[in-house]
Amino acid sequence: MVKRLVVGAHYGFRDWLAQRVTATVMALYTVIFAVQLLSLPEHTNAAWRAMFAGGFMKFASFLFFMSLFYHAWVGVRDIWMDYVQSISVRLTLHVITLLVLVGYAGWVAQILWRL
Amino acid sequence: MAEVTATKARPKHLNLMQIRMPLPAYVSILHRVSGAGLFLFLGGLIWLLDASLGTREQYAAFTGVIGFTLAGIPIVKLILLGLLWSFLHHFCAGIRFLLLDVHVGIELASARASAFAVFGVSLVMTLVLGGALW
């Protein structure tokens, strides 16, 4: 048996796991969303609004978007780490990505709880 | 630490335009490309959701943007069709990766077949859903 000395902050494993957990949440929501959409009584803007206005859909949609933003953070950060070699440019891109996603989170919360 | 000496020259880089990649490689590359594309257009997509659930004026802006054409080409709808494919490819390829993680379908033949299925299912679903929503 190979005994490896595991060192580091373990954030690699944490992000790897988070990427899969958030993906599963989004995949489940996609099914719920599709079922809700197909069972709409009529295809009007009023029915579309009513679909998101329900307490469960608000809760599920919010979870979907939070999962999406975390998922996007890990994925986009990986892209910057792979292709952007300049430390200063990479750090700037990381910060911009993070700020944009946090802003989106506030925007989505406002969209959902205004209904 | 033991000294390590390279015994044979290893390839310094692989030219993606010259090597022949297997189908799963294209699934993987497009998984990243589709994810990047979805991220780039994420703000626009949230804006569309906002407008579709907003006031009467916002909803009018939503239908205006959706129906926007440039020289007769429904450019916004075409972008949304591309994003629909991106989502469906990312979704199908993601499920395939989750199954590979738990060691389902890791043999060469089944991995190749599932890569083919990812392309088939996501492209057919894009055409069906895109056609229904157009």
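Chain naming here is simple, since letters A, B, ... match the order of the sequence lines and numbering starts at 1 in each. The structure presented is a predicted model; accordingly, all values stated were derived computationally and were not measured.
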* Asked: With only heavy atoms counted, which part of B:Leu38 is less than 4.5 Å from chain A, the side chain, the backbone, both or neither?
  -> neither
* **chain A contact via B:Leu98 - which portion, at a heavy-atom distance below 4.5 Å** => side chain
* Structure fact -> In terms of heavy-atom pairs under 4.5 Å with chain B, the winner among A:Ile111, A:Leu68, A:Leu115 is A:Ile111
Hey, does [Y] have a side-chain heavy atom less than 4.5 Å from the side chain of [X]?
X       : Y       : answer
B:Leu48 : B:Leu80 : yes
B:Thr55 : B:Tyr59 : no
A:Phe33 : A:Leu38 : no

* Backbone N or O of B:Leu49 within a donor-acceptor pair of the B:Ser52 side chain at under 3.5 Å? -> yes
* Structure fact -> Greatest number of non-hydrogen atom pairs under 4.5 angstrom with chain A, of B:Phe97, B:Phe62, B:Phe91, falls to B:Phe91
* Following the transitive rule for hydrophobic clusters with a side-chain heavy-atom cut-off under 4.5 Å over Ile, Leu, Val, Met, Phe, Trp and Tyr, establish whether A:Phe59 and A:Met26 coincide in one cluster. => no
* Salt bridge check: are B:Arg96 and B:Asp101 linked by an N-O gap of less than 4.0 Å? -> no
* To do: Spell out the residues in residues 70-79 of chain A that have some non-hydrogen atom less than 4.5 Å away from a non-hydrogen atom of chain B, in order of number; otherwise answer 'none'.
  => A:His71, A:Ala72, A:Val76, A:Asp78, A:Ile79
* Structure fact -> Within residues 85-106 of chain A, contacts to chain B at heavy-atom distances under 4.5 Å involve A:Thr97, A:Leu101, A:Tyr104
* To do: Flag yes if more than 12 heavy atoms outside B:Arg112 fall under 6.0 Å of its CZ atom; otherwise flag no.
  => no
* **Any side-chain donor near an acceptor of the partner, A:Tyr29 and A:Ser61, under 3.5 Å** => yes
* To do: Check whether the side chains of B:Ser34 and B:His90 place a donor and an acceptor atom closer than 3.5 Å, and report yes or no.
  => yes
* **A:Trp48, part contacting chain B, at a heavy-atom distance under 4.5 Å** => both
* Look at the rings of A:Trp113 and A:Phe62 and say which category their plane angle falls in: under 30° parallel, 30 to 60° tilted, over 60° perpendicular. => perpendicular
* Asked: At what distance, to the nearest 0.5 angstrom, does CG of B:Leu127 lie from CG of B:Leu84?
  -> 9.5 Å
* Asked: Could you walk me through whether A:Val25 and A:Phe64 pass the side chain to side chain contact (heavy atoms under 4.5 Å, CB included) check?
  -> CA-CA 7 Å; A:Val25 171; A:Phe64 166 80; 5.6 Å; no
